[in-house]
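Each remark here refers to the structure printed beneath this line.
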There are 2 protein chains.
Amino acid sequence: MQLRNQVEWVLHCCAILAMLPEGARLSTRALAEFHGVPKEYLSKALQSLAQVGIVEGSLGPAGGYRLARPASAISFLDIVEAVEGGGRSFACTEIRCNAPCHPPGFRPEGPCQVARIMWRADDAWRRELAAQSLSALADQLGRELPADLQSRTAGWLKKRISS
Amino acid sequence: MQLRNQVEWVLHCCAILAMLPEGARLSTRALAEFHGVPKEYLSKALQSLAQVGIVEGSLGPAGGYRLARPASAISFLDIVEAVEGGGRSFACTEIRCNAPCHPPGFRPEGPCQVARIMWRADDAWRRELAAQSLSALADQLGRELPADLQSRTAGWLKKRISS
DNA sequence: CGTAATGCGGATATTGTATATCCATTAGGA
DNA sequence: TCCTAATGGATATACAATATCCGCATTACG
Ligand code: SF4
Ligand code: SF4
């Protein structure tokens with residue numbers, strides 16, 4: 001069970017966008033170069049974010065992405081599920097219905113205890129991620145990064161900001 | 001992010017083994033027929049369980065698997081990790097080191113806040129599964145399955161029990 | 001206007017992993 | 001001695017993740 005690496009990419013992208021001045025945009029190209037990942041593929045992930053309203057893109061030169069709402073209103077869960085999908089990690093194929101001693105066409109209604117327990121664990125995972133906001137991440141990153149690195153990064157980003 | 005379907009298989013297999021009389025064994029063939037899954041592939045999953053000491057197999061006719069310790073001492077997490085591996089769901093490829101404005105060879109020590117948050121969610125997931133024992137599952141299944149189905153199942157299993 | 005830069009979406013190639021099967025070996029029961 | 005079972009290695013198959021490519025619509029800017 002492994003998350004896509006796009007999850008890591010968009011989390012970092014959102015962190016960057018959250019640290020930008022109000023209303024500023026960054027292009028996919030800039031975000032891809034900054035993180036050293038393929039631009040075309042990162043683009044797909046950012047489109048997923050745009051579709052669920054986490055970021056919003058704009059066309060043309062000076063176009064790019066910015067957060068569609070305040071960073072404090074964006075949770076880790078929002079970002080992860082935008083890329084990874086909201087499905088359960090435990091998929092049930094109803095193998096309990098295959099038992100040769102059961103009547104054919106036997107379909108008990110509702111999930112059994114096995115599925116309930118697995119799904120409860122999923123819920124715990126989701127709750128944990130839902131409790132973490134993007135703004136909290138940006139604050140923390142600003143606090144633990146060395147000052148010189150922060151200013152160099154800020155300078156590099158400033159040159160790439162559009163609009 | 002999706003768990004292997006082997007996880008569903010071995011959870012059901014363990015539930016069956018837990019409901020067997022003390023010391024009784026079931027062969028891979030019987031377990032595969034009961035669940036309607038390919039015997040050879042299920043065998044791989046059961047071998048994973050055997051390697052970490054959840055079940056123990058024995059050779060020869062009248063051979064098969066039984067639980068290696070009391071069902072109360074086996075957690076869902078034990079079973080899931082035996083098949084799925086104990087790795088983290090969030091894999092970090094250190095893309096923060098790729099920023100063109102960072103000094104080459106830049107490697108901050110320790111995981112950043114992003115990874116810490118994702119891993120905390122993983123821990124919550126694990127904690128939830130670790131809290132659920134196999135014996136509790138067997139009890140619950142015995143309580144919620146219709147009585148006639150239970151007796152028919154018990155009869156079918158009885159014929160397949162070895163030793 | 002025209003041009004270049006951008007997001008968008010579809011199509012497709014590439015890679016890797018999950019799934020599934022096969023076989024040789026070892027061991028034990030009858 | 002023969003049959004059945006687990007074990008482990010090798011291998012085939014199916015499918016999803018990864019990555020690239022291209023045509024299009026939109027927009028800023030000269
Ligand atoms: S986990 Fe529960 S719901 Fe899923 S196949 Fe097994 S018995 Fe059915
Ligand atoms: S450790 Fe943190 S900063 Fe580095 S790649 Fe992983 S998530 Fe990104």
Side-chain angles (χ1 to χ4, degrees), chain A residues 1-10 13 17 24-33 35-66 68 80 82-85 87 89-91 93 95 160-163, chain B residues 1-10 13 17 24-33 35-66 68 80 82-85 87 89-91 93 95 160-163:
Chain A
M1 186 188 53
Q2 188 104 352
L3 294 168
R4 311 184 184 177
N5 55 13
Q6 284 186 332
V7 170
E8 183 185 11
W9 300 357
V10 294
C13 288
L17 292 180
R25 297 175 178 276
L26 270 184
S27 70
T28 303
R29 170 182 305 275
L31 288 169
E33 285 178 9
H35 294 118
V37 301
K39 169 175 111 68
E40 306 282 356
Y41 193 32
L42 173 64
S43 168
K44 300 294 185 193
L46 293 173
Q47 286 177 39
S48 301
L49 293 189
Q51 276 166 0
V52 298
I54 294 176
V55 302
E56 75 184 358
S58 75
L59 296 179
Y65 287 103
R66 71 180 169 200
V80 170
V83 165
E84 192 64 36
S89 75
F90 179 78
T93 46
I95 62 173
R160 303 305 220 91
I161 286 180
S162 17
S163 93
Chain B
M1 187 188 55
Q2 188 105 350
L3 293 167
R4 311 184 185 179
N5 55 13
Q6 283 185 333
V7 170
E8 183 185 10
W9 300 357
V10 293
C13 287
L17 292 181
R25 298 176 178 275
L26 269 184
S27 69
T28 304
R29 170 183 305 276
L31 288 168
E33 285 178 9
H35 294 118
V37 301
K39 168 176 112 66
E40 307 282 355
Y41 192 32
L42 174 63
S43 168
K44 299 294 185 192
L46 293 174
Q47 284 176 40
S48 301
L49 293 189
Q51 276 166 358
V52 298
I54 295 176
V55 301
E56 74 182 359
S58 76
L59 297 178
Y65 288 103
R66 70 180 169 201
V80 170
V83 166
E84 191 64 35
S89 76
F90 179 77
T93 47
I95 62 173
R160 302 305 220 92
I161 286 180
S162 18
S163 95

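Every chain is numbered from 1, with letters handed out A, B, ... down the list of sequences.
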Using the rule given for side-chain contact (heavy atoms from CB on, under 4.5 Å), can you reason through Leu42(A) versus Cys13(A), listing the C-alpha separation, both sets of side-chain angles and the distance that settles it, and then say yes or no? CA-CA 10 Å; Leu42(A) 173 64; Cys13(A) 288; 4.0 Å; yes
Distance, rounded to the nearest Å, where [X] contributes [atom1] and [N] contributes [atom2]:
| X | N | atom1 | atom2 | result |
| --- | --- | --- | --- | --- |
| Tyr65(A) | dT27(D) | OH | C1' | 15 Å |
| Leu42(A) | dT18(D) | CG | P | 13 Å |
| Arg160(B) | dT4(D) | CZ | P | 13 Å |
| Gln2(B) | dA14(D) | CD | P | 20 Å |
| Leu3(A) | dT18(D) | CG | C1' | 15 Å |
| Tyr41(B) | dA6(D) | OH | C1' | 18 Å |
| Trp9(A) | dA17(D) | CH2 | P | 14 Å |
| Lys39(A) | dT20(D) | NZ | C1' | 11 Å |

Rounded to the nearest 0.5 Å, what separation is found between the [atom1] atom of [X] and the [atom2] atom of [Y]?
| X | Y | atom1 | atom2 | answer |
| --- | --- | --- | --- | --- |
| Ile54(A) | Leu17(A) | CD1 | CG | 11.0 Å |
| Gln2(B) | Gln2(A) | CD | CD | 14.0 Å |
| Trp9(B) | Arg4(B) | CH2 | CZ | 12.0 Å |
| Thr28(A) | Gln47(A) | OG1 | CD | 8.0 Å |

Using a heavy-atom cut-off of under 4.0 Å over every strand shown, decide if [X] touches base, sugar-phosphate, or nothing.
| X | answer |
| --- | --- |
| Gln51(A) | sugar-phosphate |
| Thr28(A) | sugar-phosphate |
| Ser58(A) | sugar-phosphate |
| Ser43(A) | nothing |

With a cut-off of 6.0 Å (strictly less than), are more than 12 heavy atoms of other residues, nucleotides or ligands near CZ of Arg160(A)?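 Correct, the count exceeds 12.
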On DNA chain C, which is the earliest and which the latest nucleotide, 5' to 3', with an atom closer than 4.0 Å to a heavy atom of chain B?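 So the contact region on DNA chain C extends dA18(C) to dG29(C).
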Let me spell it out: for each of Pro38(A) and Gly64(B), pick the nucleotide of DNA chain D with the closest heavy atom. Which residue's pick is nearer the 5' end?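 Result of the comparison: Gly64(B).
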On DNA chain D, nearest-nucleotide positions of Leu59(A) versus Arg4(A): which is more 5'?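 Final value for this comparison: Arg4(A).
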On DNA chain C, check which nucleotide each of Gly57(A) and Met1(A) is closest to and give me the residue with the more 5' one.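 Of the two residues, Gly57(A) wins.
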Less than 4.0 angstrom between a side-chain N/O of Asn5(A) and OP1 or OP2 of dA17(D), yes or no? no
Grab the two heavy atoms, one from Val7(A) and one from Val80(A), that are nearest each other, plus how far apart they are.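 For Val7(A) and Val80(A), the tightest heavy-atom pair comes out as CG1-CG2, 4.1 Å.
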